[in-house]
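Structure first, commentary second.
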Amino acid sequence: MTSASPSNSGAPQRFPVVIVGAGPAGLTIGNILRAAGVDCLVLEVETREFIEQRPRAGVIEEWAVRGLQRRGLADTLLERAQLHTECEFRFAGERFRFAYGELTGQHHFVYPQPLLVTDLVREYADVRGGEIRFGVQDIELHDLETPRPSVSYTEAGTGERRLVGCEFVAGCDGARGVTRTVLPETTTIARHDYGIGWLALLAEAPPSSDCVLFGIHPNGFAGHMARSPEVTRYYLECPPGDDPEDWSHDRVWAELQQRLGADGSPPLTEGRLIEKRVLDMHNYVVEPMTFGRLFLAGDSAHLTAPIAAKGMNLALHDAFLLGDALVAYLGKDDGSGLDGYSEACLRRVWDYQEFSQWLSEVYHGTSSGDEYRAGTTFARLRRLFTSPAAAAAFAEQYLGTAATY
């Protein structure tokens with residue numbers, strides 16, 4: 001909640017910036033500030049162990065990795081990440097390779113988000129000496145429309161109430177975090193519900209292909225994404241709100257084998273399922289991404305369903321822009337980056353939203369039960385593999401190189 005500063009919390013600590021949320025966006029902003037000698041405080045409701053193990057995305061676009069590299073945040077990633085230059089569509093019983101690396105000279109990095117978070121929190125807290133509090137509770141934001149906002153919270157372990165004064169608050173705590181609850185009624189939140197679910201799976205099994213697989217099948221979409229030499233991420237289209245417990249080991253693998261099967265392809269390598277959860281496919285965009293001295297970043301400001309693997313990339317884009325803008329303001333009194341932050345972020349956000357919507361039609365048109373949508377799905381796929389112009393346009397959007405940065 002937002003309110004006037006409490007009068008019974010004693011003399012507050014002060015930091016130029018308080019960051020709420022220790023995900024990729026919050027930790028990247030914190031590292032950018034610390035590299036410039038700016039003090040900041042990160043508040044996180046979960047434990048350090050939890051955020052370093054929380055399963056999330058794993059595909060990072062090359063421009064995002066280069067942005068991390070320029071800021072000294074990609075050393076371990078560059079050593080350990082897998083490089084992908086192709087993906088494969090499987091439909092109508094056939095396999096179609098799409099070599100986007102040959103078209104663009106760029107590639108994807110596959111690096112699970114928990115590993116990136118581990119790298120970022122180590123760099124922020126252990127190397128750059130950034131202040132971070134884990135396991136905090138009851139975060140409240142105060143006086144956001146004044147030049148002297150503050151944040152209060154209950155400290156883990158002691159239960160003591162703390163008050164922190166600041167100049168800016170970075171809201172990086174997701175859609176359910178406190179920073180989303182303080183937005184004024186004038187804020188617009190645009191939403192889109194795809195009306196489908198994805199059963200998200202982690203399998204204790206080596207990848208069955210050297211690239212990402214997209215299965216376009218009348219039974220529903222299926223996806224295969226490597227996470228490590230021992231673990232593979234799979235997706236299965238399912239009804240929204242479906243119960244993961246209704247998907248037994250045998251049922252999951254039977255559907256994956258069928259939906260991802262194609263002439264000349266070996267069967268998938270099966271293994272123990274170590275995660276099963278249903279994701280209801282929906283998107284949202286918050287406009288503007290600012291309120292007074294509060295600046296939203298990552299899932300606090302927008303959600304892109306994992307249809308096109310864009311979420312972590314958008315979070316990093318926000319973090320680069322906001323971190324650099326805060327450094328410019330606090331170090332040089334240059335407010336142009338903060339003034340233009342929301343508009344600059346939203347250009348890429350909406351570009352990625354549109355691509356995800358387009359790709360959803362490709363993934364789900366065949367299983368929609370609508371003969372018209374199925375027909376247009378196959379028309380799009382045929383065009384992708386017969387038209388150099390269509391292939392180049394898809395590659396740009398798939399890699400994020402077409403968006404402005």
Side-chain angles (χ1 to χ4, degrees), residues 1-6 8-35 38-54 56 113-114 116-144 146 148-183 289-301 315 318-319 322-323 326 330:
M1 60 175 291
T2 183
S3 63
S5 297
N8 59 350
S9 298
Q13 289 182 286
R14 288 204 63 82
F15 290 87
V17 181
V18 173
I19 300 166
V20 184
L27 291 169
T28 299
I29 293 167
N31 273 299
I32 292 171
L33 294 172
R34 291 301 303 133
V38 176
D39 288 332
C40 56
L41 171 66
V42 176
L43 299 176
E44 170 57 52
V45 299
E46 304 291 353
T47 65
R48 180 168 180 171
E49 293 74 21
F50 181 89
I51 68 167
E52 291 182 355
Q53 296 172 11
R54 177 170 43 193
R56 284 293 185 270
Q113 181 173 316
L116 179 62
V117 167
T118 298
D119 297 342
L120 292 173
V121 74
R122 181 188 303 117
E123 184 69 22
Y124 174 77
D126 303 336
V127 177
R128 300 185 182 182
E131 294 285 342
I132 187 165
R133 307 282 187 271
F134 291 103
V136 303
Q137 297 177 340
D138 303 322
I139 298 172
E140 294 184 11
L141 311 181
H142 313 281
D143 303 318
L144 292 174
T146 75
R148 298 178 67 84
S150 60
V151 180
S152 60
Y153 66 95
T154 300
E155 201 168 71
T158 67
E160 294 183 27
R161 195 73 184 156
R162 301 292 186 185
L163 179 66
V164 181
C166 57
E167 294 185 54
F168 298 97
V169 178
C172 308
D173 53 341
R176 298 180 180 86
V178 66
T179 59
R180 272 286 292 275
T181 69
V182 302
L183 300 178
M289 291 169 52
T290 62
F291 168 50
R293 291 296 182 103
L294 170 66
F295 291 77
L296 302 181
D299 286 359
S300 297
D318 294 349
L322 183 53
L326 288 168
L330 294 167

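One distance of note links CD of E46 with CD1 of I51; it measures 9.0 Å at 0.5 Å rounding. Taken from CG in L330 to CG in D39, the straight-line distance is 10.5 Å, to the nearest 0.5 Å. Distance check: I19 CD1 to I132 CD1 gives 8.5 Å after rounding to the nearest 0.5 Å. Here the CG atom belonging to L27 is positioned 10.5 Å from the CG atom belonging to D119, to the nearest 0.5 angstrom. To the nearest 0.5 Å, the span separating CG on N31 from OH on Y124 amounts to 8.0 Å. Taken to the nearest 0.5 Å, the CG atom of L144 stands 9.5 Å off from the OG1 atom of T179.
Among all heavy-atom pairs drawn from S150 and G165, the shortest one is CB-CA, 4.0 Å. Considering all non-hydrogen atoms of both residues, L33 and G323 come closest at CD2-O, 4.3 Å. The shortest heavy-atom contact between V151 and V169 is CG2-CG2, 3.8 Å. Residues A319 and I32 approach most closely at O-CD1, 3.7 Å, considering heavy atoms. P149 approaches T146 most closely through the heavy-atom pair CD-O, 3.6 Å. Between P114 and R54, the shortest heavy-atom contact is CG-O, 3.0 Å.
Taking a cutoff of 4.0 Å between a charged side-chain nitrogen and a carboxylate oxygen, R48 and D126 qualify as a salt bridge. The existence of a salt bridge linking R293 and D143 is excluded, since no basic side-chain nitrogen approaches an acidic carboxylate oxygen closer than 4.0 Å. Ion pairing of R133 with E44 is absent here, as no side-chain N (NZ or NE/NH1/NH2) approaches a carboxylate O to less than 4.0 Å.
Contact of the V121 side chain with the E52 side chain is registered, since non-hydrogen atoms from C-beta on lie closer than 4.5 Å. Residues T28 and L120 meet the side-chain proximity criterion, which asks for heavy atoms closer than 4.5 Å. Taking the side chain as every heavy atom from C-beta outward, T154 and I139 never approach each other to under 4.5 Å. Side chains of V117 and P24 form a contact here, defined as non-hydrogen atoms less than 4.5 Å apart.
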Quiz prompt | R148 and R14: CA distance, side-chain angles, deciding distance, side chain to side chain contact (heavy atoms under 4.5 Å, CB included) verdict | solution = CA-CA 10 Å; R148 298 178 67 84; R14 288 204 63 82; 3.4 Å; yes
Practice problem: Please assess E131 against F15 for the test side chain to side chain contact (heavy atoms under 4.5 Å, CB included), listing each intermediate value before the final yes or no. | Solution: CA-CA 10 Å; E131 294 285 342; F15 290 87; 3.8 Å; yes
Practice problem: In sequence, state the C-alpha distance, the side-chain angles, and the governing distance for V45 and F134, and then conclude on side chain to side chain contact (heavy atoms under 4.5 Å, CB included). | Solution: CA-CA 6 Å; V45 299; F134 291 103; over 6 Å; no
Quiz prompt | Verdict with reasoning, Y153 to D138, per side chain to side chain contact (heavy atoms under 4.5 Å, CB included) | solution = CA-CA 5 Å; Y153 66 95; D138 303 322; over 6 Å; no
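A distance-only check finds a donor-acceptor pair linking the side chain of D318 to the backbone of G298 [under 3.5 Å]. Checking side-chain atoms of R128 against main-chain N and O of R34 turns up no donor-acceptor pair under 3.5 Å. The closest donor-acceptor contact from the side chain of D173 to the backbone of V178 lies under 3.5 Å.
Under the 3.5 Å distance criterion, with hydrogens and angles disregarded, no donor-acceptor pair is assigned to the side chains of R180 and S300. Counting only N and O atoms by type, the side chains of R162 and S152 include no donor and acceptor under 3.5 Å apart.
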